[in-house]
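Report on one structure; see the data block that follows.
Protein chains get the first letters and strands the later ones, always in sequence-line order, with residue 1 at the start of each.
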Protein chains: 2
Amino acid sequence: MKIAEVSERCGLSADTLRFYERSGLVRPVARDRSGVRDYAEADLMRIEFIQCMRKAGLPIDVLKEYVDLVDAGEHTMGDRIQILVEQREQLLARMRDIQQTLDLLNYKIDLYQNKLGPGSKRGRRPVKDSARAQEMAYAAPT
Amino acid sequence: MKIAEVSERCGLSADTLRFYERSGLVRPVARDRSGVRDYAEADLMRIEFIQCMRKAGLPIDVLKEYVDLVDAGEHTMGDRIQILVEQREQLLARMRDIQQTLDLLNYKIDLYQNKLGPGSKRGRRPVKDSARAQEMAYAAPT
DNA sequence: CCTTGACCTGGAGCTGACTCCAAGTAGTAT
DNA sequence: ATACTACTTGGAGTCAGCTCCAGGTCAAGG
């Protein structure tokens, strides 16, 4: 399978696939006799794994560390678990951050819609840059 | 309140605070007569709002758009809602990505721990680079 | 008066993750 | 034979978001 097909199937650009290979995230791919990459199913598995991790924001150097351990053999499983567990912690932390922001966004959207909804047909007096307007724009639910 | 105190209270570096101001995320802060920034409570509110949004990954240009609308007056509320709603969508999408990755991580950690736990006291034969080992390292639960 | 320390500015530098480019080659179609 | 297309490489460029630095100002303390 050539790079264009992999690119299509995974939704990663050919440049990105080559970049991942250069960075050591993906093992050197087999080549046909004219030097063109010929991806195997196993390569795809690895690429999809990387892609999933990258989508969630795991940094490339951490992923490289992991795949290097995999390539180093079974005796590295302890270290691998450690990496995975640590990254899970990071993701959970990110989840919490995002959830907090979502809560704030929901609160503000509500606030705005209540302000805008009822009074918005007509007769809505622009309060201009009042402290209250600022509060509404930025404040948390306290 | 001077920049050092704000930095301390928000956990943002003084450089970052100045950078946010330069970028228009934070309104030009009042200065004392020797040109030193003197933050007011209202500034803090805005900064904390920005910080919360940034933690979740909202891009600076989007936030700038929002704060510019706020400064432009009440008639921009419709546009503000639109931004907030759109960003909420983005965050929900990110949540899904992260959740998917978490699922995969949990699956793999389990897998590794089952492999490592029972057999790890002794007599664990290193299977080296078998296809199965690769599968374990990368494959999704299918 | 002199030093110290916190602040100021404009601008350069850095990191991470791509993304693009020029120049070259190999296989296929006309 | 020639054109076309998809691939190759090494290296440069881009973007976001900080982060650092040199050189300068000011107020307080010894």
Exercise for the section: Quick one: label A:A4 by what it contacts on the DNA or RNA (base, sugar-phosphate, nothing), any heavy atom closer than 4.0 Å. Expected result: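 Counting heavy atoms under 4.0 Å across all strands, the contact made by A:A4 is with sugar-phosphate only.
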
Practice task
Report which part of the nucleic acid B:R33 touches: base, sugar-phosphate, or nothing (heavy-atom distance under 4.0 Å, all strands).
Solution key: nothing

Tell me whether the OP1 or OP2 atom of [N] has a side-chain N or O from [X] closer than 4.0 Å.
{"X": "A:R37", "N": "D:dC7", "answer": "no"}
{"X": "B:Y20", "N": "D:dG17", "answer": "no"}
{"X": "B:R54", "N": "D:dC18", "answer": "yes"}

To the nearest angstrom, how far is [X] atom [atom1] from [N] atom [atom2]?
{"X": "A:E21", "N": "D:dG10", "atom1": "CD", "atom2": "C1'", "result": "14 Å"}
{"X": "B:Y39", "N": "C:dC8", "atom1": "OH", "atom2": "C1'", "result": "12 Å"}
{"X": "B:I3", "N": "C:dG5", "atom1": "CD1", "atom2": "C1'", "result": "15 Å"}
{"X": "A:K64", "N": "C:dC18", "atom1": "NZ", "atom2": "P", "result": "16 Å"}
{"X": "B:L12", "N": "D:dG17", "atom1": "CG", "atom2": "C1'", "result": "12 Å"}
{"X": "B:F19", "N": "D:dC20", "atom1": "CZ", "atom2": "P", "result": "14 Å"}
{"X": "B:D15", "N": "C:dG13", "atom1": "CG", "atom2": "C1'", "result": "12 Å"}
{"X": "B:L25", "N": "D:dA16", "atom1": "CG", "atom2": "C1'", "result": "12 Å"}

The side chain of [X] lies closest to which of these nucleotides: [options]?
{"X": "A:V36", "options": "D:dT8, C:dC8, D:dG11", "value": "D:dT8"}
{"X": "A:T16", "options": "D:dG11, C:dC7, C:dC18", "value": "C:dC18"}
{"X": "B:I60", "options": "D:dC18, C:dA17, D:dT8", "value": "D:dC18"}

Exercise for the section: Taking the side chain as every heavy atom from C-beta outward, state whether B:R31 and B:V36 have any atom pair closer than 4.5 Å. Expected result: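 Sidechains of B:V36 and B:R31: no contact.
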
Exercise for the section: Decide yes or no for B:M77 and B:R80: does some side-chain heavy atom of the first lie under 4.5 Å from some side-chain heavy atom of the second? Expected result: yes

Practice task
Name the residue closer to the 5' end of DNA chain C, choosing between A:S34 and B:R18 according to the nucleotide with the nearest heavy atom.
Solution key: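 By nearest-heavy-atom nucleotide position, the 5'-most residue is B:R18.
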
Practice task
In plain terms, say whether B:R46 and B:D71 are close enough for a salt bridge, that is, a side-chain N and a carboxylate O under 4.0 Å apart.
Solution key: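 Looking at B:R46 and B:D71, the cut-off is met.
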
Handout entry: Evaluation steps, ring pair (Phe, Tyr, Trp, His ring centres under 6.0 Å), between B:Y66 and B:F49
Key = CA-CA 11 Å; B:Y66 176 77; B:F49 174 79; 5.5 Å; yes

Practice task
Give me the one residue out of B:L44, B:V67, B:I47 that meets side chain to side chain contact (heavy atoms under 4.5 Å, CB included) with A:Y138.
Solution key: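 Single pass found, and it is B:V67.
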
